[in-house]
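The structure appears below as structure tokens.
Bear in mind that the values here come from a model prediction, so they are computed numbers and not experimental data.
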Amino acid sequence: MSSSPRRTPTPPGRSSGRAAIPSSRGPRSSSRSRAGPAGSPRSRRSSPRRASTSGASSSSAPQPASWRPRSPSTTSSGPARSSGSTERQRRSGTPRPHGLCRAPALPRADRSRYAPRHSEVLMPKAERIADVLAGRTPPGAPVTVQGWIRTRRDSKAGLSFLHLHDGSCFAALQVVAPATLDNYADEVLRLTAGCAVTASGTLVPSQGQGQALELVADSVEVVGWVDDPETYPIQPKRHTFEYLREVGHLRVRTNTIGAVARVRHSLAMAIHRFFDERGFYWVHTPIVTASDAEGAGEMFRVSTLDLGNLPRTPDGAIDFAEDFFGRPTYLTVSGQLNIESYCLALTRVYTFGPTFRAENSNTSRHLSEFWMVEPEIAFADLGDNADLAEDLLRSAFRAILDERADDLAFFAERIDREAITRLEALVASSFARMEYTEAVEVLQRSGRAFEFPVAWGLALQAEHERYLCEEYAKRPVVVVNYPKEIKAFYMRLNDDGRTVAAMDVLAPGIGEIVGGSQREERLDVLDARMRELHFDPAAYWWYRDLRRYGTVPHAGFGLGFDRAVAYATGMANIRDVIPFPRTPGSADF
RNA sequence: UCCGGCGUAGCUCAGUGGUAGAGCGGGUGACUGUUAAUCACUUGGUCGUAGGUUCGAAUCCUACCGCCGGAGCCA
């Protein structure tokens, strides 16, 4: 929209082969996801754990029946399917011990597609590896697991060790594959990182160090091979995050991004739980908005007009009456104005959804598409608002400490030594509170030579905010009551006439994680502020109505969800805590 | 957008004017209840692209493309 035009050709520095991967793999992955979440209603109903909506993770869900091909009508129709079979047949016609040909023999491929699975005959379902490792499987009982190979190690003692991940937890399950398996030489010895398998066997105490339990397999069925192990993008080694962003469709198979995905989920659920337990209602505010001056940032235009042939009014301007909504529309930069409407009826509400900013921001803390949590509370002032922000953050991070200890241990070991201690400190202590005026004094007294000037009336720069929370308070700081000139029109004017009831929560290492305010509930004051800032009150007629009909003091804030995930994990770049980051000039995958 | 840095094998990087390298990965073999196993051999590059300087350019110059970090904007 308002960002720069897309470069069309394959970017230099990328091999054409790699660039071709998405298109060549598209059909396959989509067919897999069809076989997953779109499985039979029966299996979906009977599996409360299958909350995931992604094709990849659903494949690891404990319901073989839900993604196994079942009826001829869903498995064998369509030219793509049959040509795929032909392709596989041709490639596997002359099996070679190594090289590019790693497809299994045709009968096996056929069986996996059209016949009942081995695992289904013996086992009612597969277990999540998390459940297996947590001891929820009786010792000695037969177990089936499904997942992707991370490493394979062979022993001349007549067995191979497979480390299998299914994403259910940080740890891998060690599968011991004895050489006596039918397909040991043909298949097990050819397994490489990324291969998908179904392994059945018996859970036993491990003879080796490094894990308490392991699965001694009596069957290892290869579900999906890796075409070319040499160029499989995710190798069992350290990759830079920059590189992993180039393989965004596969990077979740790494320890780090997988752990981020689980923490992200748990944090989102903890936030919903926090609000639900306190009587807040989740409100789905619109993504498309016509408010073009919410003041929160540049907006993406939403339009169906033909950009090559724009309709014009008689005076030559673009005729938005011809556009889809009959007026200029944009992607939302905040659900706040809408959530205030629901707040003034439901009292406690919040939004949790995607938000869009077309700023040309190129930093480790900004995304063009990000997720924001925006609570709004009625009959409340700025103090209540700050209390809510603090309670929310502490509660949500407490939940992460409780629920994702395995992933956090990894972050503390490999990503950020302070990952756990920082969260524990935040959960255990209260946030510092500080007036803007006081913050300015603290900065002026600090003796620091800041790059940007510190004076009452000026905005706090990143270096100032960092000093306040990282060095002065050494914990999150809530700064309140900013000069009205540097804050938005809807923030409530304080009695001093020069400050507004705004607040920012500054977190060490991440900066501003929450921004909010008590809203101006007095219509005359609101109108005066809008006039000062040259806003057209008529455009905000419905927002003004809220002040005409039963207005009450109310307040709310925005929590940058992705920044919270970054804070919780210690990840340095926000692009690595959202599944598919959108940033200026980049909307891959 | 501004400032700075980077672009060399599938990945991580070394190579600062004179025969393109290492580790990891892949392959082969040895060895082993292994733990990102170990050891040996082997495979693998149009040095981002296009110009220019030079007898000679991965190396120096220019432009462009891409990526990263910092800043601004903000969550």
Side-chain angles (χ1 to χ4, degrees), chain A residues 3-4 7 9-15 17-18 96-100 102 150-163 171-172 174-178 190 192-193 204 206-211 214 216 226 228-247 254-255 295-298 333-334 336 354-374 451-452 459 461-463 465 488 504-507 510-516 557-567 572-575 583-586:
Chain A
S3 36
S4 52
R7 305 125 193 75
T10 300
R14 284 188 179 179
S15 75
R18 200 194 300 160
R96 287 180 288 151
H98 54 84
L100 289 178
R102 286 176 175 77
R150 198 64 70 80
T151 61
R152 186 198 89 225
R153 289 178 298 276
D154 305 319
S155 167
K156 266 297 183 298
L159 37 85
S160 291
F161 300 97
L162 309 174
H163 273 190
Q174 174 156 287
V175 175
V176 181
R190 284 162 51 213
T192 56
V204 301
S206 178
Q207 297 177 36
Q209 307 296 310
Q211 62 280 315
E214 63 190 16
V216 177
V226 166
D228 181 7
E230 186 177 0
T231 56
Y232 178 60
I234 308 299
Q235 297 171 355
K237 58 169 289 189
R238 266 190 110 84
H239 290 293
T240 62
F241 293 128
E242 293 81 3
Y243 166 71
L244 289 175
R245 281 172 218 147
E246 297 176 12
V247 288
T254 63
N255 280 336
E298 293 294 312
V333 293
S334 166
Q336 186 207 310
T355 308
F356 307 86
R357 304 271 168 96
E359 306 284 351
N360 191 7
S361 296
N362 293 287
T363 82
S364 57
R365 303 176 307 283
H366 289 87
L367 293 164
S368 306
E369 175 184 280
F370 62 100
W371 286 64
M372 189 155 63
V373 181
E374 297 177 282
E451 185 184 345
F452 291 90
Q461 302 293 319
E463 57 174 348
E465 297 180 341
D504 284 351
V505 178
L506 315 175
I510 197 78
E512 183 182 341
I513 195 171
V514 164
F557 61 83
L559 164 66
F561 178 67
D562 313 273
R563 287 184 181 178
V565 177
Y567 185 84
N573 196 312
I574 201 166
R575 294 162 198 159
T583 53
S586 174

Would you mind reading off the distance between [X] atom [atom1] and [N] atom [atom2], rounded to a whole angstrom?
{"X": "Glu298(A)", "N": "U1(B)", "atom1": "CD", "atom2": "P", "value": "13 Å"}
{"X": "Ile574(A)", "N": "C68(B)", "atom1": "CD1", "atom2": "C1'", "value": "16 Å"}
{"X": "Gln235(A)", "N": "G10(B)", "atom1": "CD", "atom2": "C1'", "value": "5 Å"}
{"X": "Ile234(A)", "N": "U12(B)", "atom1": "CD1", "atom2": "C1'", "value": "14 Å"}
{"X": "Asp504(A)", "N": "C74(B)", "atom1": "CG", "atom2": "P", "value": "10 Å"}
{"X": "Arg357(A)", "N": "C73(B)", "atom1": "CZ", "atom2": "P", "value": "13 Å"}
{"X": "Asn360(A)", "N": "A71(B)", "atom1": "CG", "atom2": "P", "value": "16 Å"}
{"X": "Glu465(A)", "N": "A75(B)", "atom1": "CD", "atom2": "P", "value": "11 Å"}

- Query: Atom CD of Gln235(A) and atom CZ of Arg150(A): how far apart are they, to the nearest 0.5 Å?
  - Reply: 13.0 Å
- For the atom pair CD1 (Ile574(A)) and CZ (Phe561(A)), what is the distance rounded to the nearest 0.5 Å? 10.5 Å
Nucleotide nearest [X] when distance is taken to its side chain, options [options]:
{"X": "Asn573(A)", "options": "G69(B), U35(B), A75(B)", "value": "G69(B)"}
{"X": "Thr363(A)", "options": "G72(B), C11(B), U34(B)", "value": "G72(B)"}
{"X": "Lys156(A)", "options": "G69(B), A30(B), U34(B)", "value": "A30(B)"}
{"X": "Tyr243(A)", "options": "U34(B), A71(B), G10(B)", "value": "G10(B)"}

Is there a side-chain polar atom (N or O) of [X] under 4.0 Å from OP1 or OP2 of [N]?
{"X": "Asn362(A)", "N": "C67(B)", "result": "no"}
{"X": "Thr151(A)", "N": "A37(B)", "result": "yes"}
{"X": "Arg245(A)", "N": "C68(B)", "result": "yes"}
{"X": "Gln174(A)", "N": "U35(B)", "result": "no"}
{"X": "Arg563(A)", "N": "A75(B)", "result": "no"}
{"X": "Ser364(A)", "N": "C68(B)", "result": "no"}

Under a 3.5 Å cut-off for both distances, is [N] Watson-Crick or wobble paired, and to whom?
{"N": "G56(B)", "result": "none"}
{"N": "A40(B)", "result": "U28(B)"}
{"N": "G33(B)", "result": "none"}
{"N": "G23(B)", "result": "C11(B)"}
{"N": "C6(B)", "result": "G66(B)"}
{"N": "A71(B)", "result": "U1(B)"}

- Task: Would you check if Thr583(A) and Asn362(A) make a side-chain contact, meaning some heavy-atom pair closer than 4.5 Å?
- Result: no
- Task: Report yes or no: do Thr151(A) and Arg153(A) form a side-chain donor-acceptor pair below 3.5 Å?
- Result: yes
Heavy atoms under 4.0 Å, any strand shown: does [X] hit a base, just sugar-phosphate, or nothing?
{"X": "Glu374(A)", "result": "nothing"}
{"X": "Ala462(A)", "result": "sugar-phosphate"}
{"X": "Gly558(A)", "result": "sugar-phosphate"}
{"X": "Val373(A)", "result": "nothing"}
{"X": "Phe452(A)", "result": "sugar-phosphate"}

- Note on the structure: Here the pair of heavy atoms bringing Phe370(A) nearest to Asp562(A) is CB-OD2, 3.2 Å
- Query: Considering all heavy atoms of both residues, which atom of Asp154(A) and which atom of Ser160(A) are nearest to each other, and what is their separation?
  - Reply: OD1-OG, 2.6 Å
Please determine whether any donor N or O and acceptor N or O are separated by less than 3.5 Å between the side chain of [X] and the base of [N].
{"X": "Arg575(A)", "N": "C68(B)", "result": "no"}
{"X": "Glu463(A)", "N": "G70(B)", "result": "no"}
{"X": "Asp154(A)", "N": "U32(B)", "result": "no"}
{"X": "Gln207(A)", "N": "U34(B)", "result": "no"}
{"X": "Arg365(A)", "N": "A75(B)", "result": "no"}
{"X": "Ser361(A)", "N": "C74(B)", "result": "no"}
{"X": "His366(A)", "N": "C74(B)", "result": "yes"}

- Between U59(B) and C6(B) - C1' atom distance, rounded Å: 15 Å
- Sequence neighbours excluded, which residues qualify as side chain to side chain donor-acceptor pair (under 3.5 Å) partners of Ser206(A)? Gln211(A), Glu214(A)
- Got a donor-acceptor contact below 3.5 angstrom from the Glu359(A) side chain to the Glu298(A) backbone? yes
- Task: Identify, between Gln211(A) and Met372(A), the residue whose nearest nucleotide on RNA chain B lies closer to the 5' end.
- Result: Gln211(A)
- Message: With the stacking rule set at 5.5 Å and 30°, tell me whether Phe370(A) counts as stacking on A75(B).
- Response: yes
